[in-house]
Amino acid sequence: MPELPEVETVVRGLRRCLVGERFGAMLFASQRIGRSNPAGWRSRLGGRQIGEISRRGKYIIVCLSDNNVMIVHLRMTGRLWIKPSSYVRGRHDRFMVSLSDDRRLVLSDARQFARVEWRLQSELENHPGLKKLGPDALAITPAQLLDACKRSHRPIKSMLLDQTRVAGLGNIYTDESLFAAKIHPTTFAGSLGPKRVERLRSAITSILHQAIDACGTTFDTFSDLNGHAGGFGPCLRVYHRTGQPCLVCGSSIRRIVIAGRGTHFCPLCQRA
DNA sequence: ACTATCCCCTGACGGC
DNA sequence: TGCCGTCAGGGGATAG
């Protein structure tokens, strides 16, 4: 499940591989990959030069010539790859476009949740997902996070997963951040004081930076553009460690469900 | 303006 | 061995 560090890893790879290149022909695109795309979007790729590539939350934004923009969201199991021209379409490949040097940009996704969208630059601010994003988890200020908490009437875990409050966190890094900040995931967000919120913000940025340095976490399917797994998995301290001893106090890590998401925590280090 | 719930989708896994 | 039910989970739609 690509979250901020995994998306950042992909974006950095795309920058190295794609900036200055041009798209060639679109080789295929499944129907549901871009359901909301404008008619004729397939013809809008060819010959476009690739410019700035950036990330907003978990969205990947690829700027192209003539004010066109490609927006990619990997959701749960989506993966982007750069492949040589000899590459043969795989079972789960949903989207493939050739590059001017004949390599291919491929989006593969077993569950078909990932999206590739096509917009004009001027339409970005009206994008239904992008326009609602809260401050990026890496850039959020203490005041912004405190404000988000104060206005929330939910468990902190649920609030952190809400991309309109904080953009970029998913299930893995919320659990890890709450553990590092010693905050129980069911804690009512609005009840957290400035000191605990700052401890949380500090934990979030620290963990995200470490995960980016490790090129993300490969729990299930994530890989970078070249198919390499992320290296942060061994650094996870609670996520998917149900029943294993807490690395700080030895208590058994517990799993509960909050907002429909599996939630892992140490009952002693993170007292309610 | 919030928050909660359902839904999409399919590989993995457990039970029998 | 194999069939079948259940689960996972990001985010959009919809309901409350």
Side-chain angles (χ1 to χ4, degrees), chain A residues 1-11 29-37 55-61 71-80 90-95 107-117 119 124 126-137 147-178 185-191 208 211 216-223 229-230 233 236 238-243 253-265:
Chain A
M1 48 224 82
E3 304 177 28
L4 189 153
E6 292 75 35
V7 176
E8 181 67 25
T9 298
V10 170
V11 164
S30 78
Q31 279 296 325
R32 69 172 64 244
I33 202 90
R35 218 175 18 182
S36 61
N37 281 321
R55 176 188 63 74
R56 290 198 205 171
K58 302 175 198 170
Y59 287 87
I60 298 166
I61 317 276
I71 306 166
V72 182
H73 199 300
L74 300 173
R75 298 280 188 103
M76 300 286 300
T77 48
R79 282 180 283 180
L80 275 177
R91 179 181 173 193
H92 300 307
D93 295 352
R94 311 295 178 191
F95 173 89
L107 188 144
S108 176
D109 183 15
R111 289 187 203 171
Q112 308 200 59
F113 285 166
R115 294 289 178 268
V116 178
E117 294 176 77
R119 292 286 181 277
L124 264 191
N126 282 323
H127 184 280
L130 290 172
K131 72 178 178 189
K132 285 188 289 192
L133 286 182
D136 195 86
D147 181 59
C149 289
K150 287 299 171 201
R151 289 189 297 131
S152 170
H153 299 267
R154 283 183 287 174
I156 183 63
K157 159 95 180 191
S158 177
M159 194 215 82
L160 291 175
L161 287 174
D162 183 345
Q163 303 298 299
T164 70
R165 301 287 171 258
V166 183
L169 295 176
N171 215 26
I172 295 176
Y173 296 105
T174 51
D175 283 2
E176 293 299 313
S177 298
L178 288 169
T186 61
T187 308
F188 180 59
S191 73
L208 291 179
T217 301
T218 297
F219 176 70
D220 190 8
T221 58
F222 172 74
S223 68
L236 298 178
V238 286
Y239 186 76
H240 255 267
R241 293 194 64 244
T242 310
I253 298 299
R254 284 196 58 201
R255 180 184 186 276
I256 57 176
V257 174
I258 299 175
R261 301 292 180 255
T263 299
H264 313 79
F265 67 101

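This structure is a prediction, so every number in the text was calculated from the model and none was measured. We name chains A, B, ... by the order of the sequence lines, and we start the count at 1 in each one.
Nucleic acid contact class of A:Gln163 (heavy atoms, under 4.0 Å, all strands): sugar-phosphate only. Within the 4.0 angstrom heavy-atom criterion, only backbone atoms of the sugar-phosphate kind lie near A:Gly262; the bases stay farther away.
Side-chain N or O atoms of A:Gln163 include none that pairs as donor or acceptor with a backbone N or O of A:Gly57 at under 3.5 Å. Between the A:Glu3 side chain and the A:Lys58 main chain, no donor and acceptor come within less than 3.5 Å of each other. Remark: side-chain polar atoms of A:Ser177 are paired, donor with acceptor, to backbone N or O of A:Tyr173 under 3.5 angstrom.
Shown here are the salt bridge (charged side-chain N to carboxylate O under 4.0 Å, His left out) partners of A:Arg151, two or more places apart in sequence or in another chain: A:Asp147. Contacts of A:Gln112 classified as side-chain contact (heavy atoms from CB on, under 4.5 Å), with partners at least two apart in sequence or in another chain: A:Arg32, A:Arg94. Applying the side-chain hydrogen bond (donor to acceptor under 3.5 Å, both in side chains) criterion to A:Asp93, with sequence neighbours excluded, gives A:Tyr87, A:Ser108. Residues satisfying the salt bridge (charged side-chain N to carboxylate O under 4.0 Å, His left out) test with A:Lys157, not counting sequence neighbours, are A:Asp175.
In summary, contact between chain A and DNA chain C, defined as any nucleotide atom under 4.0 Å from a heavy atom of the protein, begins and ends at C:dA8 to C:dG12 in the 5' to 3' direction.
The phosphate of B:dC8 (OP1 or OP2) has no side-chain N or O of A:Gln112 nearer than 4.0 angstrom. OP1 and OP2 of B:dT10 both lie 4.0 Å or more from every side-chain N or O belonging to A:Arg91.
Across all non-hydrogen atoms, the minimal contact from A:Tyr59 to A:Val7 is O-CG1, 4.3 Å.
Position along DNA chain B of the nearest nucleotide to A:Arg94 versus A:Arg261 favours A:Arg261 as the more 5'-ward residue.
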Could you list the protein-to-nucleotides 1-4 of chain B atom pairs, N/O on both sides, closer than 3.5 Å?
| unit_1 | atom_1 | unit_2 | atom_2 | d |
| --- | --- | --- | --- | --- |
| B:dC2 | OP1 | A:Arg151 | NH1 | 3.2 |
| B:dT3 | OP1 | A:His153 | N | 2.6 |
| B:dT3 | OP2 | A:Arg154 | NH2 | 3.3 |

